[in-house]
Every structure is written in C-alpha cells, then in structure tokens.
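Report on the following structure.
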Amino acid sequence: MKSLISFFVATVLAAMLSFPASAGKKKDIVKTYPALAPYFSVPSGKTVSPDDQGFIRRWLLLEPIDKPNWTNTVFVDSYVRANLDTGWNKGEDFVVPADGEKACDSLTWHALDSRLFNVKLYRYAVGTETGRYGLIFRAVTIIDCPEDMVDVRLAVGSNSASMWWIDGEEALILSGDRRMVMDDGASRRLTLRKGRHVITGSVINGPGMSDFCVRFIDEDGDPVLNYDIRCK
Amino acid sequence: MNIIARLVIIAAFASAAISAAAQEGKPWIHDPSTIMECDGKYYTFGTGGGGLISEDGWIWYGGAVRPGGGAAPDALKIGDRYLIAYSSTGGGLGGGHAGRILTMWNRTLDPESPDFGYTEPIEVAYSEVDEDCDAIDAGLFMDPVTGRLWCTYGTYFGFIRIVELDPRSGARVEGNEPVDIAIDCEATTIIWRNGWYYLLGTHGTCCDGVNSTYNIVAGRSRNVTGPYVDNCGRDMLAGGGKMVIDAEDRLFGAGHFGRYVEDDGVEKMSLHFEADLDRSGRSVLAIRPLLWVNDWPVGGSLFEEGTYEISSVRRGYALELAVDFVRMAVERQPFFRIYPEEPVKSLDVQKLEDVLSTWPEGETGVRIGDWMNRPHQRWMISAVPEAGGYPGGPYFKISIEGTGRVLAAAEGAELIVLPEFTGAPEQLWRIEQLTDGTYRIMPKSIPDCSEPYVLVSIADSTPTLARYDFSSDNCKWILKRKAACL
C-alpha cells in the first residue's frame with residue numbers, strides 16, 4: 001500500500017514537473033511576451049480549420065534549441081538529417097506534447113495560432129526571449145480527417161532548411177540555404193486515412209529571418225481544406 | 001584538313017568564345033546600378049562606392065564616382081539630372097537591421113565634367129533595428145503612365161517595401177506610407193511594359209562567390225503597389241517569382257537586375273555575376289539581352305560564336321554567297337526503286353573543297369536562298385576582341401566557314417562579301433537579340449552613309465542595309481547554330 005501511495009505521489013509530482021502550468025492555469029504566453037502579439041495568438045477553441053489557402057496555422061512550438069551557425073550554406077542534406085532527424089518525433093514513446101510541457105531539459109512547448117499564413121519562427125524566438133540566430137525549431141500539430149484524404153501532398157516552404165514527418169514517417173526534406181516560398185517543396189502523394197494524424201517538423205536556421213508555411217495540396221496543386229487542426 | 005589542324009581551330013574557337021563571355025576590361029563590381037548613358041559614355045555604380053565607366057558599353061573600367069559608401073545603389077535619369085539612390089545598413093543577415101535609403105542628384109555622371117557634383121543626400125526611407133524590413137537595396141522607378149516616382153527597398157530580412165518620391169526633389173512624398181510588396185528578395189526594382197508593372201528581385205544565396213545561388217525572378221501586377229504575382233499565381237508576398245536569369249556555365253550568382261532600353265525591341269539587362277570562373281571567381285558586371293515571352297521577362301544569352309544559318313524572318317530563306325549552286329553528286333534512290341534488303345548507308349554533306357574551285361575570286365555578291373546546308377550558306381560568326389563592342393556584346397566578323405571571305409557593308413548601303421578580313425569597320429557587325437528572340441544584325445559603319453542601317457531582307461531573295469523597324473519582319477533574322485563542318 002505504501003509503495004502504491006509512493007507511486008501515486010511520485011506520479012503526481014512528475015506530472016506537475018512536466019506540466020509546470022496546468023492547462024487551466026498556464027500563463028498566457030502572448031501576454032507574458034507582448035512582442036509575440038503581432039504574429040501569434042493563444043489558441044481559442046478546440047479545433048480550427050486551415051485558412052482559406054489551406055495553411056495550417058495552429059502549432060505547438062518548442063522553444064528553440066541552440067545550434068550556432070554563422071551561415072545557412074552548411075545545411076546540406078546530410079547535415080540536415082544529422083541534426084533534425086534525431087528520432088524525437090518517432091516511435092511508440094513519442095507523445096504529442098502538451099502546451100507548457102518541458103522537453104530537452106528546460107525548453108517549453110507552446111501552443112500558438114499564427115496570425116499569418118507563415119509561422120514566424122524568428123519572431124517566436126525573439127518574442128519569447130529564447131534566441132535569435134543559430135537555432136533549431138520543432139513544431140507539432142494534429143489534424144483530424146473526416147474522411148480519407150487520397151493523393152494529397154504536404155507542401156512546405158521554410159527558412160532555412162527543414163524536415164517534415166507525418167505520423168513519424170518522413171514526408172519531406174528541404175535542404176540548403178532556403179528562403180520561405182509557398183509550396184517550395186512537396187511530399188510524394190499520400191493517402192491520409194480518416195482519423196487523427198500528427199504532423200511534425202523541424203527547422204534549422206543560422207543568421208537572418210526564419211519561418212515556415214505548411215499546407216496540404218491536391219492533385220491540381222489546390223489547397224485541401226476539409227480537415228480540422230488541434231494541438232491536443 | 002588533318003585532325004591536328006582541326007583541333008587547333010576548335011581550341012582557338014573555344015578560347016575566343018570564352019573571352020567573349022563577360023564584359024571586357026576590368027568590370028569588377030557587386031550590386032551594379034541600372035546602366036545610365038551620359039554624354040556618350042555608360043556608367044554603373046556598385047556597393048561600397050564608386051563604379052564603372054565604359055566608352056562603348058562592352059569594355060568597362062573603374063572610375064565612376066559615387067560618394068556615401070553603403071550598399072546596392074540605383075540610378076535614374078529624370079529630365080536633365082541623374083537621381084542616385086543608395087543605402088546604409090546596420091550589419092546584414094546576422095546583424096542589426098537599421099537601414100536608411102538616401103537619394104542625391106547630379107547633373108552629370110562624368111567626374112571630369114565641371115558640372116559634376118552631388119547634392120547632399122536625403123533620407124527617403126528607413127528601417128528600425130528589428131522591424132520586418134531592412135532598408136537597403138534601393139530600386140528607382142518612374143511610372144511612364146502616371147509620371148510618379150517610386151522606390152523599392154528591402155532584403156531577405158522581412159518585407160520588400162515601396163514608397164513614393166517626389167520626382168522634382170527626390171524626397172519622400174509627404175504623408176506617403178510604405179507598402180509591403182514582397183518577401184525574401186534582394187535588389188528589387190520595378191519596370192513597366194505593355195500595361196504590366198513588373199517587380200524584379202534577386203533570390204538565392206548572396207555573397208558566396210562561386211557557390212552563390214543568386215538568381216533573378218519577377219512577378220507582375222496591374223498596379224504599381226501590387227499585388228505582384230508570378231506565373232503560378234503566387235504572390236511575391238508568399239515568396240513567388242518567375243525565373244528571369246540564373247547561373248551560366250562559368251558564371252554564378254546572377255543578381256541585381258537593371259533594365260536598359262536601347263531601341264524599340266532592343267532591350268538589355270544589367271546584372272552582376274558573383275563569380276566568373278575565367279576571372280579568378282571575381283564578381284563582374286554582365287549585360288544580357290532582355291526578351292519578352294507572353295508578357296514575361298526572360299534573360300537572353302550572350303551571343304555565342306560558331307557556325308550559323310542566317311535565316312530571314314521575312315521568308316525563312318538563308319543568307320548566302322551568290323555563287324553557282326553545285327549539285328551533290330550522290331547516287332539517287334527514287335522512292336519507287338528502293339530495295340528494302342539493301343543496307344542503308346550514311347552520306348556526306350557537301351564540303352567546302354567540293355565547291356571552292358567553282359567560286360569566283362575577289363568580291364562576291366550576297367543573296368538569300370533556300371537553306372540546303374551548303375558551304376556558301378554556312379556563316380562562321382566570331383568575335384573581334386580588339387574592335388570593342390556595344391552594350392552586351394563585342395563586334396563580330398561574319399565569314400564563310402573555312403574561308404577568309406567576310407560579309408561587309410558596301411557603298412550605296414548594300415552588301416558584299418570580301419575575300420579577306422582587314423578589320424575595317426564595315427566588316428564588323430553588331431548582333432543583338434531582340435525582345436522577341438530574333439536578331440538584329442547591324443554593321444559598325446557603312447561607306448559614305450551615316451544612317452544606322454541594319455541587315456534587311458528587302459525582297460525574299462535580296463538582302464540590303466536599310467532602316468530598322470521592329471514591327472517589320474524584314475529587319476529580323478534567326479540565327480541557327482550548326483555543328484562545325486571543317
């Protein structure tokens with residue numbers, strides 16, 4: 001019995017440590033860091049739709065990981081894979097992080113809605129006073145498909161290099177010193193079965209602006225709109 | 001001709017081709033401003049101050065004077081004055097982003113002129129240290145429709161913006177607010193053509209020498225303040241842009257577009273290549289034809305030396321030496337006497353040695369005839385480096401392949417083929433690709449004639465020299481590259 005109580009206490013403590021601010025009490029990140037306000041808002045409502053161009057604006061963003069680089073020209077394929085494809089979002093142990101959850105020792109996940117079609121990572125880092133240049137960003141979101149989505153592609157633009165996964169499977173890599181361009185790269189044709197899917201991405205940047213834009217496009221390159229997006 | 005002789009000719013040919021791949025002289029520059037003509041000379045300014053001067057638009061040397069330092073200037077002639085815009089900035093991608101766009105005037109660009117002298121610079125736009133814009137890389141545009149003056153600026157850090165300037169003072173129009181028109185570009189500028197405003201910008205990696213991926217893209221709009229959209233319907237505010245020009249075989253990092261309209265249908269663009277493999281990887285000025293395809297700007301190529309069919313757009317016939325047509329003495333196989341079991345064999349084309357003895361010595365006439373790939377129709381076009389050039393190209397000689405016989409302008413503004421090349425100006429030809437992709441061919445001079453006449457197909461079979469008219473197919477030629485046949 002004592003061990004059971006100890007286990008219960010330990011579990012609760014662990015949960016409290018993992019979620020320093022519980023869902024209901026978590027600080028409003030945008031109020032805490034007003035510099036975020038022109039670019040982000042705190043999500044309201046359980047789900048949102050893609051915007052009218054199909055861009056996914058609701059994301060969980062991890063505070064940036066320090067990775068100094070004085071130039072973006074080092075982001076060749078092998079470098080990108082070695083630094084972004086680290087297994088953080090794969091396997092049975094991967095659980096979609098909760099808003100406010102800690103990861104990578106001291107970094108926090110924040111659920112945010114982007115006010116723009118592109119998610120301004122530079123502004124996220126500077127706004128939260130967690131970095132400026134030479135960073136790795138991680139992003140997670142959940143989509144609920146009301147029906148099978150057949151032959152769609154994940155289309156991404158990022159500044160600078162990035163990798164993207166759906167349900168832990170690699171969908172796309174954008175290597176090199178890139179500017180963010182809508183539909184810069186796209187995955188092969190995918191069929192997303194009815195139900196929940198998890199999109200994860202990681203962006204690396206040296207100096208300069210950093211952002212990304214993500215949407216699904218159909219066979220004609222038109223945006224896919226008929227799904228919901230949520231962070232938990 | 002033996003194989004060694006052939007190799008020597010091919011090697012010399014390749015060498016000449018390489019030497020004509022970029023502007024001649026010492027065209028070292030980064031971020032060149034739009035080329036300006038002033039009192040018969042050409043000028044461009046670059047990052048860091050100073051710039052280049054050319055007497056002919058082909059051979060460039062340092063010597064242009066622009067004070068103020070800073071980055072990526074632009075120039076525009078308004079009335080009888082030149083407006084120069086340039087920028088100062090806080091530190092590039094990894095630094096602060098407080099930038100300033102400044103303008104100043106000069107009555108001449110010739111630093112030797114007594115009228116030379118810049119006015120005090122005026123700040124017309126700025127960016128704070130950490131806003132979504134970096135106020136550098138100014139581009140000036142005078143709207144031919146409205147007479148209003150505009151300035152675009154910005155770089156990879158955030159938005160490209162446009163502000164309106166007063167064309168009398170060069171200052172910002174009072175109360176005018178910047179408008180965001182693109183993201184993730186550098187070195188933007190606007191041009192107008194055929195009812196469209198075009199925003200040209202540079203994408204790719206800057207300032208990385210032989211590894212620079214710089215390239216020039218464009219979007220277009222019916223309004224000067226946008227939205228500028230590419231050929232896929234993608235707004236330049238979402239990173240859109242249709243390619244205008246990128247790397248060439250030995251030149252990398254195409255950036256900083258400037259338009260130079262030489263004549264009706266004759267347009268050029270100035271740019272830099274960040275690395276020229278033939279010049280220690282230095283950043284060099286380049287001038288290329290500016291073509292228009294479906295109302296989109298397309299970068300043309302420097303004309304390449306080689307053997308060509310010179311075909312008239314008027315009829316499609318080919319320019320040729322006026323000599324006897326020599327029939328090829330090959331056994332005929334009429335279609336009604338083909339025996340399928342017989343193996344086929346390859347036949348030679350007619351060779352120069354097959355016909356040369358039938359050609360008259362001395363001066364020979366020129367005409368236009370059915371293209372048959374015969375020696376009297378095969379023109380070797382090669383640069384004459386010592387003859388100078390014009391914006392975007394050197395003067396060329398046009399000779400019958402394998403001979404010294406050269407095309408020349410003759411008295412009475414007619415044409416003749418001379419037995420040997422002497423370098424006289426009437427034997428030098430200016431070859432310029434027109435905006436529709438065809439070519440204008442123009443002698444450097446015509447004996448006893450001061451008119452700027454060009455090669456014209458005045459009748460289907462008769463060439464002459466006459467007035468240039470872009471709306472007439474008589475003035476246009478298609479140059480079809482042929483494999484060497486020596």
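Just so it is clear: chains get the letters A, B, ... in the order the sequence lines come, proteins before strands, and each one is counted from 1. None of the values given here were measured: they were computed from a predicted structure.
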Under a 4.5 Å heavy-atom criterion, the part of residues 164-180 of chain A in contact with chain B comprises A/D177, A/R179, A/M180
Paired with B/T205, the side-chain contact (heavy atoms from CB on, under 4.5 Å) test is passed by just one of A/T71, A/N72, A/T73, namely A/T73
Note: A/M182 and B/R234 closest approach over all heavy atoms is O-NH1, 2.7 Å
For B/E131 and A/R123 the tightest heavy-atom approach is C-NH2, 3.3 Å
**Prompt:** Counting only heavy atoms not in A/R188, do more than 12 fall under 6.0 Å of its CZ?
**Reply:** no
**Item:** Crowding at OH, B/Y126 (>12 non-hydrogen neighbours, <6.0 Å)
**Value:** no
The interface call for A/Y39 against chain B, heavy-atom contacts under 4.5 Å, is side chain
With a sphere of 6.0 Å drawn around CG of A/D220, does it hold more than 12 non-hydrogen atoms of other residues, nucleotides or ligands? yes
Got B/D235 and A/Q53 here, is their nearest side-chain heavy-atom distance under 4.5 Å? no
Open item on the list: If we count only N and O atoms by modelled type, under 3.5 Å, do the side chains of B/D132 and A/Y122 hold a donor and an acceptor together?
Closed with: no
Checklist entry - Can you tell if the side chain of B/D184 reaches within under 4.5 Å of the side chain of A/N159, non-hydrogen atoms only? => result yes
Among residues 134-144 of chain A, residues within the sub-4.5 Å heavy-atom range of chain B, in order of number, are none
**Prompt:** How about B/D249: does its CG atom have over 12 heavy atoms from other parts shown lying under 6.0 Å from it?
**Reply:** no
